S.K.: 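Provided herewith is a single structure, encoded as structure tokens, for subsequent inquiry.
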Amino acid sequence: MMKRFLWWPLVAVLALSCRGLQPKPSPVGAVQPRTALSLHWQPMDNLVGRGRFFHSTLTLENQGPEVLGAAGWKLYFSFSRRFLKDGEGNLVMVQELEKQGIRISKADRAGSGDYHVLEPLAGFQPLLPGERRTFHLLANWQAILKTDAPAGFHVVFSGDSSQEGVAFAVPLTVEFDVSDPKQTTRFGGDVLPVPTPELRYSENPAFQPLDLAARLLPTPRRVKEGAGQVTLRGNITIVHAPALAGEAAYLASALRDVLAASITTARMDEGDARISLGLDATLDIDGDGARDAEGYTLEVKDGRVLIIGSDAAGVFYGIQTLRQLVPTEVHAAAVRPGGRHTEVSLPEVFIADAPGFAWRGMHLDVARHFQSKETIKKLLDVLAHFKINTFHFHLTDDEGWRLEVPGLPELTQYGARRGFDPAEAGMLHMAWGSGEGIEGGGPIRREGSPAWQGFEPELLNFVGQGSGFYTARDFEEILAYATERHINVIPEIDVPGHARAAVRAMEYRHRTLHGSDPKGASVYRLADPEDTSQHLSVQGYTDNFLNPCLESTYVFLDKVVRELKARYAAVPGSRLVAIHGGGDELPSLSANVWWQGSPQCKQNPATRDLSDVQLYNHFLTRWHRIITSTGARMTGWDDVLHHGLSLEGFIPMPWSNVWGWGREGDAYTYANQGYPVVLAHATNLYLDMANHKDPDEPGAVWAQFIDDRRVFEYRPFDIFANATEDSLGRPLAPSKWKDKERLSAAGKKNVLGMQGLLWGENVKTPQVLEYLAFPRMLGVAERAWNPELPPVSEMPALWARYANSLGQYVLPRLGVYRAVDVHGELPERLGVNYRIPLPGARRVEGRLVANVLFPGLALEYSTDAGATWSVYSEPVQVKGRVLLRIRASDGRYSRTTALE
């Protein structure tokens, strides 16, 4: 991510290792490139310099009719690694760009970020039509996934007035040889294997029958099954307490999606109910003598359904459990035209339930890649179905500002746009392989390629929305939609670092207004133009700080939060519970200066004698005051507290618990000190991490590979029990943590909850968003609702039960999930593109023996290179190479895997 890259930044492009890709044709009459180019990239050795840098090759092919000469063209792209300088390296290999006739440098005028340009030098040997040229490159760290590749290539030709300044998309393919450990190993100490069918087979659980409780997610606290059923058909009336009209309307809409029946709502004194919704302010599920907020009981008996909640949220969660009692086949039939059943039978049951955590959240970054209002709404409904009640909305970062702020139009006119503009005169430069203004940009497909989960046949160059923002009205619609689903939206304004989009937008404002209104031009300025401080963020930015010594910085922030508060005030029932103030990832001061080179800091009497750390704390103290003046609490990354600052009521989100980095126990330290803590640990909860060490898996790798089991087995109250191995797969001894602070009984009460986090570098499309989020986010939902876990020795059995629940019931429903649309707002609301895992397999005496991660999903195999497929049901005799794949009940397939 941002975040959380640290020194493992990740390029956001999903690329394929295949030839023959063609860019999207330009519109009729559009400018055509002088000559056609294509590129192929492959990492060759990750262990050069003991893993400090790696060797890759970039092959340029001239597919057009003209010579590509020693001048007149530049090749632009995004890459999150730092290229070594000529002569830099070690005895094994040094960088020799000039000898190859090329130069690679930062492409934008500011030299900031991940945007690069490759251009020929005078010694470049012309590339003739049909020829290829391979360049050898050295960059820092490693590349073990296709998403580590450079991204978004586009070429610009000069010397021809018809093409001057026009950027043309260049297709890229990416290749890995998984049999070569130099391409899949990091630092030399990496012992994690690339997954194989045999490894997956040994890890996959066996099929097991499930009771009713195991079919529901999150698992209810008490379930008592009855012997009969209750059938709903014909005229169904939902009666409700006066305060539950919204919940009744939601349930009616949800039932109409699956049931061909007349469904109406009425107040309790106005109708004869088949379904009743009521409130009991004394509802005590756990028997401790106190009301359980968000708790509910659900009774299906004697021809009726009764849901009682301790509050409206509890009733809403009872409704979600009721929806999960509807048989899977009813949900599946309803997605077909005319397929809705005329009746549905529910099992007789009594359920009493309440959440373990008050904060059950998901974070989504829309700054790196924008997601539409409709995508956000659909996601919110899915989250609400699994009783998530908090949406952490990461709206701002270096690469984009995504919220309209009335009175500051430059934030979205400039800061919400990026594209081909190296001078950044009218927008931000390209980033993460996406932006506007590229001829021929868009999905790049290969002919005849199967659609594996919506992203693999598309290289996704330029597909991600680098530009976009929510209008004030859009944001209010999202708030209203979330409020209807009992989800609190926590907006994040990430400062003082990660603020480049805002800084550049306000500089643009200053430029455009300075001539007509010099005084007004500086009112919201965020940077000191004379600042000589030099720093480099972990994502390569040199100019992404707000200046804490400018009064205009605080005028700007106050304006932003006042407008945020106005959005909530315009939506009945919505609450501005908290504003996330960011505060993370300022670079280490050991090699950087934050603000000591700013004349404005030296001239301001309040700041002239302050160190950088003191300036940071000075800024956060004022930022805290601005946020809390709105009535909201301030939350932020735990970096806010790293330099001794104390802020009353602050809610830290500790994230950097990577094993061995030194901050593993911070969450417990803060909770023991009395801070209300929200757990956001990278090692188990970062959904942008790749699932596995498989080059085809999208994601980052710096914290840990995070699969469904790692999320499910996260122990909120004993994270050190999760510290069994480091990010390279090396075992960690429990004694390593003997000096770390453990959670006290008082501190345990200060753990508000937890959330899954999805950073947006790779989230190019809604399909990729859903692939990365699900089903791992379901593990977050389960653990946030049920944070107390049995001993570690009992976890394998609990995991097997959960995996069976997903395969047999939860995922089949999720594949045909229809977002509830009470007001007709969602044009596309059907199905969730959850990740379908690859199968496990091995040979036993010439027979194919295979299994799946989530028992219940169908497994298919082919012995004729994919020409025909058979359903696997039991061991079968096979010869030669066998292809395998998983088929979901909604008709989608996993990638294929081969058993040699």
Side-chain angles (χ1 to χ4, degrees), residues 212 215-217 226 228-240 244-268 270-278 298-307 315-349 351 374 377-378 380-382 384-386 481 484-485 808-832 888-892:
L212 179 60
R215 303 176 188 180
L216 307 174
L217 198 152
Q229 291 185 324
V230 171
T231 299
L232 301 178
R233 65 166 73 89
N235 297 321
I236 301 170
T237 301
I238 303 169
V239 299
H240 58 87
L244 300 175
E247 288 68 30
Y250 183 95
L251 176 56
S253 182
L255 289 177
R256 292 187 192 108
D257 283 340
V258 297
L259 192 58
S262 173
I263 302 170
T264 57
T265 65
R267 289 168 58 119
M268 276 194 173
E270 295 176 349
D272 182 19
R274 296 298 305 283
I275 302 175
S276 297
L277 309 179
L298 166 63
E299 186 172 35
V300 182
K301 187 178 180 182
D302 297 334
R304 289 185 173 7
V305 175
L306 175 62
I307 298 174
V315 172
F316 183 78
Y317 297 135
I319 288 170
Q320 301 304 334
T321 301
L322 175 64
R323 294 177 66 201
Q324 294 184 19
L325 291 176
V326 174
T328 302
E329 57 269 21
V330 175
H331 289 283
V335 305
R336 300 189 296 268
R340 288 183 303 157
H341 286 209
T342 58
E343 63 179 41
V344 58
S345 293
L346 308 173
E348 286 193 344
V349 67
I351 296 172
E374 291 73 22
K377 286 182 177 181
K378 178 185 173 185
L380 288 171
D381 192 74
V382 176
H385 185 57
F386 296 104
Y481 192 87
E484 190 174 60
R485 287 151 180 77
Q808 295 180 46
Y809 294 98
V810 179
L811 295 182
R813 288 196 303 257
L814 194 61
V816 294
Y817 185 85
R818 188 186 298 273
V820 178
D821 192 6
V822 180
H823 309 293
E825 299 169 331
L826 291 177
E828 291 293 336
R829 57 192 179 106
L830 181 63
V832 174
S889 57
D890 55 31
R892 295 176 304 122

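The structure displayed is predicted, hence computed values, not measured ones.
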S.K.: Pairs of donor and acceptor atoms involving the side chains of residues 252-263, under 3.5 Å and at least two apart or interchain, shall be tabulated with distances.
M.R.:
unit_1, atom_1, unit_2, atom_2, d
R256, NH2, I263, O, 2.8
D257, OD2, R829, NH1, 3.3

S.K.: With sequence neighbours left out, which residue pairs that include part of residues 324-347 fulfil the ring pair (Phe, Tyr, Trp, His ring centres under 6.0 Å) condition?
M.R.: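 Sorted pair list comes back empty.
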
S.K.: Going by side-chain hydrogen bond (donor to acceptor under 3.5 Å, both in side chains), name the residues that satisfy it together with Q324, two or more places apart in sequence or in a different chain.
M.R.: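 Scan of Q324 (side-chain hydrogen bond (donor to acceptor under 3.5 Å, both in side chains), adjacent residues dropped) gives none.
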
S.K.: Using the test salt bridge (charged side-chain N to carboxylate O under 4.0 Å, His left out), find all partners of R892 that sit at least two apart in sequence or belong to another chain.
M.R.: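 With sequence neighbours excluded, R892 shows a salt bridge (charged side-chain N to carboxylate O under 4.0 Å, His left out) to D890, given in chain and number order.
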
S.K.: Quick check: do P347 and V300 have side-chain heavy atoms less than 4.5 Å from each other?
M.R.: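 Side chain of P347 against side chain of V300, heavy atoms only: no contact under 4.5 Å found.
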
S.K.: Would you compute the distance between atom CD1 of I319 and atom CG of L244 and round it to the nearest 0.5 angstrom?
M.R.: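 Rounded to the nearest 0.5 Å, the CD1-CG separation comes to 8.0 Å.
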
S.K.: Mind checking ring-ring contact (aromatic ring centres under 6.0 Å, His included) for H240 and listing every partner two or more places apart, or none if nothing turns up?
M.R.: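 Testing H240 for ring-ring contact (aromatic ring centres under 6.0 Å, His included), a comparison that skips the adjacent residues, returns none.
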
S.K.: Would you say K378's side chain and V832's backbone share a donor-acceptor pair under 3.5 angstrom?
M.R.: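 Side chain of K378 to backbone of V832: no pair is present.
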
S.K.: Excluding sequence neighbours, so at least two apart, what forms side-chain contact (heavy atoms from CB on, under 4.5 Å) with T321?
M.R.: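 Per chain and number, T321 pairs via side-chain contact (heavy atoms from CB on, under 4.5 Å) with L216, Y296, L298, I351, K387.
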
S.K.: A side-chain contact here means heavy atoms from C-beta on lying under 4.5 Å apart; do R215 and T328 qualify?
M.R.: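 No. Closest side-chain heavy atoms not under 4.5 Å.
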
S.K.: Residues in side-chain contact (heavy atoms from CB on, under 4.5 Å) with A384, at least two apart?
M.R.: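 Testing A384 for side-chain contact (heavy atoms from CB on, under 4.5 Å), a comparison that skips the adjacent residues, returns F316, R485, I487.
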
S.K.: Under the side-chain contact (heavy atoms from CB on, under 4.5 Å) rule, collect the residues that match up with E329, sequence neighbours excluded.
M.R.: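 With sequence neighbours excluded, E329 shows a side-chain contact (heavy atoms from CB on, under 4.5 Å) to P327, given in chain and number order.
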
S.K.: Does Y817 reach the side chain of R323, with side-chain heavy atoms less than 4.5 Å apart?
M.R.: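 They are in contact (side-chain heavy atoms under 4.5 Å apart), so the answer is yes.
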
S.K.: With sequence neighbours excluded, what pairs up with E343 under the salt bridge (charged side-chain N to carboxylate O under 4.0 Å, His left out) test?
M.R.: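 So E343 forms a salt bridge (charged side-chain N to carboxylate O under 4.0 Å, His left out) with R233.
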
S.K.: So, taking the atom named CG in D381 and the one named OH in Y250, what distance separates them when rounded to the nearest 0.5 Å?
M.R.: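 Output value for this atom pair is 3.5 Å.
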
S.K.: With sequence neighbours excluded, tell me which residues meet side-chain contact (heavy atoms from CB on, under 4.5 Å) with L830.
M.R.: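 Expected list: V335, R818.
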
S.K.: Just jot down the side-chain hydrogen bond (donor to acceptor under 3.5 Å, both in side chains) partners of E348, sequence neighbours excluded, or say none.
M.R.: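 E348 satisfies side-chain hydrogen bond (donor to acceptor under 3.5 Å, both in side chains) with no residue once adjacent residues are dropped.
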
S.K.: For the atom pair NE2 (H823) and NZ (K377), what is the distance rounded to the nearest 0.5 Å?
M.R.: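 Spacing of NE2 (H823) from NZ (K377) equals 9.0 Å.
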
